[in-house]
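So the structure is just underneath, and the comments pick up after that.
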Amino acid sequence: MSQPKETGITAQKDKDFSEWYTQVVLKAALADYAPVKGFIVLRPYGYAIWESIRDILDKRFKETGHQNGFLPVLIPESLLAREEDHFAGFTPEVFWVTKAGDNEIGERLALRPTSETLAYSMFAKWITSYRDLPLKINFWNTALRAEIKATKPFIRTSEFLWQEGHTVHATKEEAEQEVMMILDIYRQMIEDYIAMPAITGFKTEKEKFVGAEYTTTIEGMMADGKALQMGTSHHLGQNFSKPFEIKYLGKDTHEHFAWQTSWGVSWRLIGALIMVHGDDKGLVLPPKIAPVQVVIVPIFKDKDAQQVKAHASEVEMELKRAGIRSHMDGRDEYTSGWKFNEWEMKGVPLRINIGPRDIEKGQLEFVRRDTKEKSFFDRKKLVDTASMMLDQIQKNLLEKATQMLREKILNPVSYDELRSIVENTGGFARAGWCGRQECEEKIKEETGADIRVIPFEQSEMPAKCIYCGQPSKKVAMFARAY
RNA sequence: GGGGCCGUUGUCUAGCUUGGUAGGAUGCCAGCCUCGGGCGCUGGAGGUCGCCGGUUCGAAUCCGGCCGGCCCCA
């Protein structure tokens, strides 16, 4: 085994996590830095992963009665400012457009940090009757937020790809159901496809979306012990419908303000899956979202190149016909060993090696990306074997990630212990909380951890607040976060 | 918010302290070789030394500003 080349990942995940992460993003060709601070360019391989995630969600959104629309990127200041809390929350990170060519624009225009205000100014025009409700629209677009803090590809960037859903309902109950249904769609997608377990629950008042009545969240835990918010679903109550005058005439012949929700997930999910599943050789993709599920590498000497490649192509075609995303790497300019390393770095879940020996014996060599195990199978059982192994890999990744999450949920019995967990061990510190913002803020100040989520699952609540010792009202998950 | 490090060819870098011809590896191109874990050989192309300004006979090197990247701390 030779020394790792610069083309490969040279940082170790458990020693130098940040460096490792950056190398995976750049070297697996997911993304590159753009010329402007905080912005990245999504490369085809990274975009293909985003397309997988998008397609899965888009299907679910449509199945549950949502339609897609498109909004412009510019929002006039007056509109953005119409809901006070919302404006105050976003204004520090808004990019403003003040000129058109050489001419000053009268009213400055915001590059959307999120589209509630713009969408709702439109919704107000479209909704007049209970018959217009519910209105359920989703937007696949980008949002722009000038990040002052250190940026990290996919995790924190000044522009990010996301979807933002916005719905309008006649009743509070219906809006609240929507909030929960969407959060559950997120949870299923993250668990079943990205193979990551997560904790669902509420954000605290301090951490909720500015302008929302309350925010529900799905929080993940990364390999370095830091938490990552992977998606949020907000109940907006009537906080926006009132300033934007989204009103409808009910069956009762009276006018009512509508109830609203908004929700979103972003390409952060790509960052999350890198951090959770990746290893020292690079990316590890869950089969269900991998752009290439199986890569076939022909191994040949010059004289039998044609024959081996022909066999490899047949394998590729057979897999493709069975609906398995496959790629035969027939490049002559690289050796098979080079290809092995490259595809491992790119996280392709399953590799099939095929050489003259295998052809002779009527077998194929399968190499799993997650466990690196090699095994031989009968050529005739290609599709069954590949499907079975892809299923196993998908399952194994979720199991490993679940195990990791379990290990990273700790139950401190004292504030000192919580502090030690946050500062040394990392992970979620699950603790009682009196519900007062004062304690939440003190803990944040003193340890750097905030309340990531008040889990829906509230069993085994400690009796006392971990900070002040007063009776606890909730069990909360404290952690440092990205 | 505070502190530190860095920017030289596509990539990684040497040179910078002590100013004077930008050197290597890898990648790329051509030709040969041939592949069971990042093969080997020969030749070749590729550089506004991040940008702007200053000092100097002369700046990758010294000084200032800006742009960009990374890390640590709160």
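Please read these numbers as outputs of a predicted model, since none were measured by experiment. In what follows, every chain begins at residue 1, and chains take the letters A, B, ... in the order their sequences are listed.
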Span that lies between the P atom of rG43(B) and that of rC49(B), in whole angstrom: 29 Å

Ring of W267(A), cation from R156(A) - is the NZ or CZ under 6.0 Å from the centre and inside 45° of the axis? no

G-U wobble or Watson-Crick pairing nucleotide for rU61(B) (cut-off 3.5 Å, both distances): none

Considering only the P atoms, how many Å lie between rU61(B) and rU55(B), rounded to the nearest integer? 15 Å

Distance-only donor-acceptor test, K301(A) side-chain atoms vs rG36(B) base atoms, 3.5 Å: no

With rounding to whole Å, what would you report as the distance between rC66(B) and rG2(B) at their P atoms? 14 Å

Mind checking if R331(A) touches a base, just sugar-phosphate, or nothing, with heavy atoms under 4.0 Å? nothing

G-U wobble or Watson-Crick pairing nucleotide for rU48(B) (cut-off 3.5 Å, both distances): none

Rounded to whole Å, please give me the gap between CD in E333(A) and P in rG27(B). 13 Å

Of the listed rG38(B), rC28(B), rG37(B), the closest approach to the W338(A) side chain comes from rG38(B)

Whole angstroms only, please: what is the CZ-C1' distance between R43(A) and rU11(B)? 12 Å

Please report the distance, rounded to the nearest Å, between CG in L26(A) and P in rG7(B). 18 Å

Aromatic centroids of F202(A) and Y214(A) separated by under 6.0 Å: yes

Could you please name the partner base of rU18(B), counting Watson-Crick and G-U wobble pairs only when both distances are under 3.5 Å? none

Taking atom CD of E344(A) and atom CG of D280(A), what is their separation to the nearest 0.5 Å? 12.5 Å

C1' atom, rC72(B) versus rC35(B): distance in rounded Å? 45 Å

When both hydrogen-bonding distances must be under 3.5 Å and the geometry is Watson-Crick or G-U wobble, what is rG68(B) paired with, if anything? rC6(B)

From CG of N341(A) over to P of rU26(B), roughly how many Å is that when rounded to an integer? 17 Å

C1' atom, rC29(B) versus rG53(B): distance in rounded Å? 39 Å

What is the distance from CG of D304(A) to P of rG36(B), rounded to the nearest Å? 12 Å

Minimum heavy-atom distance between L183(A) and F456(A), given as atom pair plus value: CD2-CE1, 3.5 Å

Would you name the heavy atoms of K13(A) and M275(A) that are closest together and state the gap between them? NZ-O, 2.9 Å

Please check: side-chain N/O of R480(A) versus main-chain N/O of T447(A), any donor-acceptor pairing under 3.5 Å? yes

D329(A) CG - rG38(B) C1' separation (whole Å): 13 Å

Ring of Y45(A), cation from K346(A) - is the NZ or CZ under 6.0 Å from the centre and inside 45° of the axis? yes

Can you see whether N141(A) engages E164(A) through a side-chain donor-acceptor pair at a distance of less than 3.5 angstrom? yes

Are F70(A) and F139(A) an aromatic pair, judged by ring center distance below 6.0 Å? no

Interatomic distance at P, rA45(B) relative to rA30(B), whole Å: 15 Å

Rounded to the Å, how far apart are D332(A) CG and rC33(B) P? 14 Å

Nearest-Å distance for atom pair NZ/P, residues K27(A) and rG27(B): 14 Å

rC32(B) to rA25(B) separation - C1' atoms, rounded to the nearest Å: 23 Å

Integer angstrom distance from the C1' of rC63(B) to that of rG69(B): 23 Å

Nucleotide-resolved protein contact map, nucleotides 67-74 of chain B, B/S/- at heavy-atom distance under 4.0 Å: -SSSS--S

For K303(A) and for T335(A), find the nucleotide of RNA chain B with the closest heavy atom, then tell me which residue's nucleotide is more 5'. K303(A)

Between the base of rG38(B) and the side chain of E342(A), is one N or O donor paired with an acceptor at under 3.5 angstrom? no

